[in-house]
Amino acid sequence: MPHELDVDFWVAEFARNRLGRPEPRWSAPLKLDPSARPLLEQSLAEFQLGDGGGPAALIACDASVYRTSQPGLERVVDLWFEEEKEHSRLLGGLLRRYGVRPIEGHWSFSLFLLVRRWLGVRFELQALTLTELSSTAYYRLLRRHGGDPALHDVCSLILRDEAGHLRFQRARLEAAGAPWTGWKRFWWRSQFRVCGYAAAAVLWSSHGSCLRALGATASEFFGEAGRLFDAFVRRIERGAAASLSRAQAGVSQRLFAAKRLSG
Ligand SMILES: [Fe+2]
Ligand SMILES: [Fe+2]
């Protein structure tokens with residue numbers, strides 16, 4: 001059932017997430033496989049640009065439609081993107097540690113920005129959600145196989161933030177009325193999965209060589225991404241079922257109280 005997002009809750013969540021964030025072990029001895037290092041450095045440079053390094057904001061031509069759709073939502077969106085900027089800073093720290101110059105632009109990122117700008121905020125929000133799900137799979141594999149202590153710590157901090165962003169995306173979709181019923185539900189789930197695997201395939205086409213060089217496999221990456229897509233959809237449905245039963249319990253309690261008063 002569509003409802004307003006609890007903006008106070010999300011402002012508090014983003015504030016809470018700023019606490020207890022130790023800096024990565026920047027000065028720990030470097031521990032990287034020399035054969036994988038060039039591919040890792042290239043991959044991290046692209047992520048440093050794409051993960052909060054560009055315009056850290058909703059940039060769709062109609063972005064204000066979403067931002068101003070309820071009081072306080074602009075603040076929540078800004079806090080979300082502040083964390084994205086932080087990801088770029090953390091990845092920049094890794095580039096400095098490895099002696100790599102950040103990149104100023106990349107054709108795939110420019111294309112992503114163009115599509116986000118022109119296809120509208122609804123598309124942009126879904127594209128960002130799917131990017132966050134696919135990137136979560138990427139950072140998990142990087143943390144698992146990377147070896148370097150600072151890389152491990154950066155991935156842990158980003159993964160912690162992205163888990164919160166995915167909770168926010170679910171709350172945003174639930175507020176918009178998800179999960180829908182009947183054919184709308186079928187359509188939404190199908191297109192979400194198809195677009196999700198497309199986003200994962202785009203990520204793998206650019207960064208798969210780095211992940212493979214570190215020891216990860218395509219089936220590990222797509223398995224991780226698939227589990228994330230499924231869990232995301234399942235949690236929306238579970239969340240909606242829980243709020244429906246809470247609402248029904250509230251109605252029954254009110255009916256019971258009314259009967260007692262009248263009797
Ligand atoms: Fe991010
Ligand atoms: Fe994010």
Side-chain angles (χ1 to χ4, degrees), residues 5 7 9-11 13-18 21 23-24 40 43-60 63 66-67 73-95 102-103 106 108-109 112-113 115-116 121-143 146 150-175 192 195-196 199-200 202-204 206-207 210-211 221 224-225 228-229 231-233 235-236:
L5 198 73
V7 291
F9 170 82
W10 286 104
V11 168
E13 275 291 284
F14 282 112
R16 191 187 51 78
N17 195 42
R18 282 199 291 272
R21 293 178 72 90
E23 274 294 289
L40 174 68
S43 177
L44 290 173
E46 287 175 26
F47 256 83
Q48 194 260 339
L49 176 70
D51 195 353
L58 288 177
I59 56 166
Y66 179 70
R67 284 175 58 86
L73 192 53
E74 286 181 285
R75 176 85 187 115
V76 176
V77 172
D78 290 344
L79 289 169
W80 163 29
F81 280 101
E82 270 175 34
E83 288 194 352
E84 297 299 354
K85 265 194 257 175
E86 168 65 3
H87 298 170
S88 187
R89 183 192 75 83
L90 290 167
L91 292 164
L94 284 178
L95 295 183
I103 57 170
H106 191 271
S108 60
F109 185 56
F112 186 50
L113 293 183
V115 171
R116 278 170 57 188
V121 74
R122 210 177 143 147
F123 170 87
E124 183 180 29
L125 286 166
Q126 171 154 307
L128 291 170
T129 304
L130 295 173
T131 304
E132 291 183 318
L133 285 162
S134 309
S135 305
T136 295
Y138 167 83
Y139 287 118
R140 280 185 184 174
L141 265 58
L142 216 52
R143 181 171 64 175
L151 177 63
H152 180 278
D153 295 350
V154 165
C155 290
S156 293
L157 281 170
I158 295 179
L159 284 167
R160 161 179 156 173
D161 296 344
E162 293 302 352
H165 296 182
L166 290 172
R167 281 197 297 277
F168 167 68
Q169 304 294 0
R170 284 200 303 273
R172 171 184 71 72
L173 283 161
E174 284 170 28
F192 190 80
C195 295
V202 169
L203 194 154
W204 181 258
S206 299
H207 303 276
C210 157
L211 293 173
F221 173 74
E224 195 78 60
L228 283 159
F229 299 144
F232 186 84
V233 172
R235 281 177 186 150
I236 287 182

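Every number for a ligand or one of its atoms is a count from 1 in the order of the listing.
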**Study point:** ring pair (Phe, Tyr, Trp, His ring centres under 6.0 Å) partners for H207, two or more places apart
**Key:** F47, Y138
**Study point:** Count, waters excluded, of protein N, O or S atoms under 2.8 Å from the Fe ion (ligand 1)
**Key:** 4
Review point. In terms of side-chain geometry, is the basic nitrogen of E23 or R89 positioned less than 4.0 Å from the acidic oxygen of its partner?
Key: yes
Check your understanding: Is the closest basic N to carboxylate O distance between R16 and E13 below 4.0 Å?
Key -> yes
Check your understanding: Taking the side chain from R116 and the backbone from A127, do they hold a donor-acceptor pair closer than 3.5 Å?
Key -> no
Check your understanding: For the ring pair W80 and F14, is the centre-to-centre distance below 6.0 Å?
Key -> no
Review point. Do the charged groups of R143 and D153 touch, with an N to O distance under 4.0 Å?
Key: no
